[in-house]
Amino acid sequence: MDFISILSIFVMACFVGYYVVWSVTPALHTPLMAVTNAISSVIIVGALIAAAAGSQADGGQTAKWLGLVGVVLASVNIFGGFAVTERMLAMYKKKERK
Amino acid sequence: MRRDHLANAVTRAPDLIRGPSPAVASGRKLWRWAPAFAGALAFSTPAMAASGEAVNPWVAVAYLISGILFILALRGLSSPETSRAGNRYGMIGMLIAVVTTLITHDIASLPEIGVAIAIGGGFGFIFARKIAMTDMPQLVAGFHSLVGMAAVLVGVAAYLNPGAFGILDNAGEILVVSRVELGLGVAIGAITFSGSVIAFLKLNGNMSGAPIMLPGRHVINLGVLTGIIGLTAYFAILPTAETAMVFWIILALAFIIGFLLIIPIGGADMPVVVSMLNSYSGWAAAAMGFTLGNTAMIITGALVGSSGAILSYIMCKAMNRSFISVIAGGFGADSSGSADGAEKIDRPWKRGSAEDAAYMMKQAENIIIIPGYGMAVAQAQHALREMGDMLKEEGVNVKYAIHPVAGRMPGHMNVLLAEANVPYDEVFELEDINSEFAQADVAFIIGANDVVNPAAKTDKGSPIYGMPVFDVEKAKTIFFIKRSMGGVGYAGVDNEVFYMDQTMMLLSDAKKMCEDIVKAL
């Protein structure tokens, strides 16, 4: 993909983000932070590419190990972030009707 | 093994769509689609492996879909009813992104990657299960630091092995655009990492919450930031072979600046800092997404980046402070600023007991409870809810009022009350409830201070002047739980409410006081 189409996606996504986040109810701002945390770990994609690449190139071996460490860190975040969000959201209850 | 997960997620789908809400209903279509989509992906794998990545349109579509699922994840948070379905969309989006990456790259080391995911996932899961809800700000700050570090590692890996990331030109040089993205990406990642580590230490109490002021810090910070930007430009124009030194210097400076930026910021401003670091972690992911030309990463980065930025804005506005002044730091350092000491010492105030409070609240019709950080520190949310329940049985109308900056991160109090089983439709935001104080018989303040300080409305010299606060002074009676008369809020400002005729100070630990009131009821 060329730079300008990537940039267009980025700018559009910023606008989408702006409107979506304003619609989040303030009561759920903590889960919002936890879940954004989890999804920003999509950076694991980069770490996987590094870890999956063979070590033919000069820096390949180091890059592979860095990638693996990156995978570990991002996984902590992905699993931790989604799990803690789930845990929090499960606590939000409506008034029980008697 | 990965595909089992997907199949699992798909078969679990029907129980997600019980609710009648439109967001969930529209998710049904996506669900029908998912198996077909997974099949298509699996089917086209060999072609992809042969022709290399990014050529196959399915790959781009897969990343796009995972980006869209992330948007839906945030969209779900617009109401507690749809929020859990939203979280599921987020998980599926992540699964799609990971699976797509794994099947479209020649994997030299699948077992190693599996182990890495298992180790990380295991730790993440344990943290998520064990953490106390009051410690949520630390957890989030800690998680931010991991995203930052992951971004740095990916950036360094891409720099060391550019071929694998497809960012080399025909002459074997790293593309200029990619170098700018790499430079900025690792810099933002490093700032996120070291900044979040400091924020974590401050929130966790390993480091004093007091601002640490270095002389000439503004000059140093601006100098370092300019240095990073200048070096990134230099990094972009040098021949690839000579860039190593510049790259490492950028990285080192970025680690240092993250540290320097956060140490002068005091404990009370942590909600802004945590949101800001949230935003940075998003921009770091976006920068890496640019390098990889990956739509899922770009969309996510933009979402997270704007989310953090909006939260920082909301927090700043709720404190009536500019973002710049928060970042410049030092708030809460000089308590002697405008308050005059002489006035503080001898002013009459009334002390109440748990029995008084119980008696008066039983007689009341409308009670508004205002929780603050002190409630979190004392872990008083369960005792408070018990008190609220008993009052409700007496026919009292109990509501909770939450200020946007109460606690140490946005929405902190809401989570604690939710943990204590307070229904979320009894919890109100500042604007929604502030007009009701005039009809309230009792305002019950537990662990809050600055957010009820009328000086914010009247005293132009006060450091918190202009901050929106609760109109508690309009309530007929005020109960103010506080550990002692000595301390003041984080802004270091004396509070007029202590000395009002209708105020009764309940001097005790918040949890103990709530328990005593429950007994007296």
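Worth knowing before you read on, the calculation uses all heavy atoms, side chains too, and leaves out hydrogens, waters and symmetry mates. So you know, we letter chains A, B, ... as the sequences are listed, proteins then strands, and number each from 1.
At a 4.5 Å heavy-atom cutoff, the contact between B/Ile71 and chain A is made by backbone and side-chain atoms alike. Both the backbone and the side chain of A/Leu68 have a heavy atom closer than 4.5 Å to some heavy atom of chain B. Heavy atoms closer than 4.5 Å to chain A are found nowhere in B/Ile126, neither backbone nor side chain. With a 4.5 Å cut-off on non-hydrogen atoms, B/Phe428 does not touch chain A at all. For A/Ala38, the part lying near chain B is the backbone, with the side chain staying farther off; criterion is any non-hydrogen pair under 4.5 Å. Within the 4.5 angstrom heavy-atom criterion, no atom of B/Leu417 approaches chain A. Within the 4.5 angstrom heavy-atom criterion, only side-chain atoms of B/Met288, from C-beta onward, approach chain A. Using a 4.5 Å cut-off between heavy atoms, A/Ile44 contacts chain B through its side chain alone, with no backbone atom that close. Both the backbone and the side chain of B/Ser275 come within contact range of chain A, with heavy atoms under 4.5 Å apart. Interface remark: A/Val69 contributes backbone and side-chain atoms alike to the contact with chain B (heavy atom separation under 4.5 Å).
A/Phe10 has its ring centre less than 6.0 Å from the ring centre of B/Phe290.
Under 3.5 Å, the side chains of A/His29 and B/Asn414 contain no donor-acceptor pair of N or O atoms.
Below 30°, between 30° and 60°, or above 60°: for B/Tyr424 and A/Tyr92 the angle between ring planes is between 30° and 60°, a tilted geometry. By the 30° and 60° cut-offs, the orientation of the rings of A/Phe15 relative to A/Tyr19 is parallel.
Annotation: side chain of B/Val427 is in contact with side chain of B/Val422 (closest heavy-atom distance under 4.5 Å).
Note on B/Glu426 versus B/Lys392: salt bridge recorded, some NZ/NE/NH1/NH2 to OD/OE distance being below 4.0 Å.
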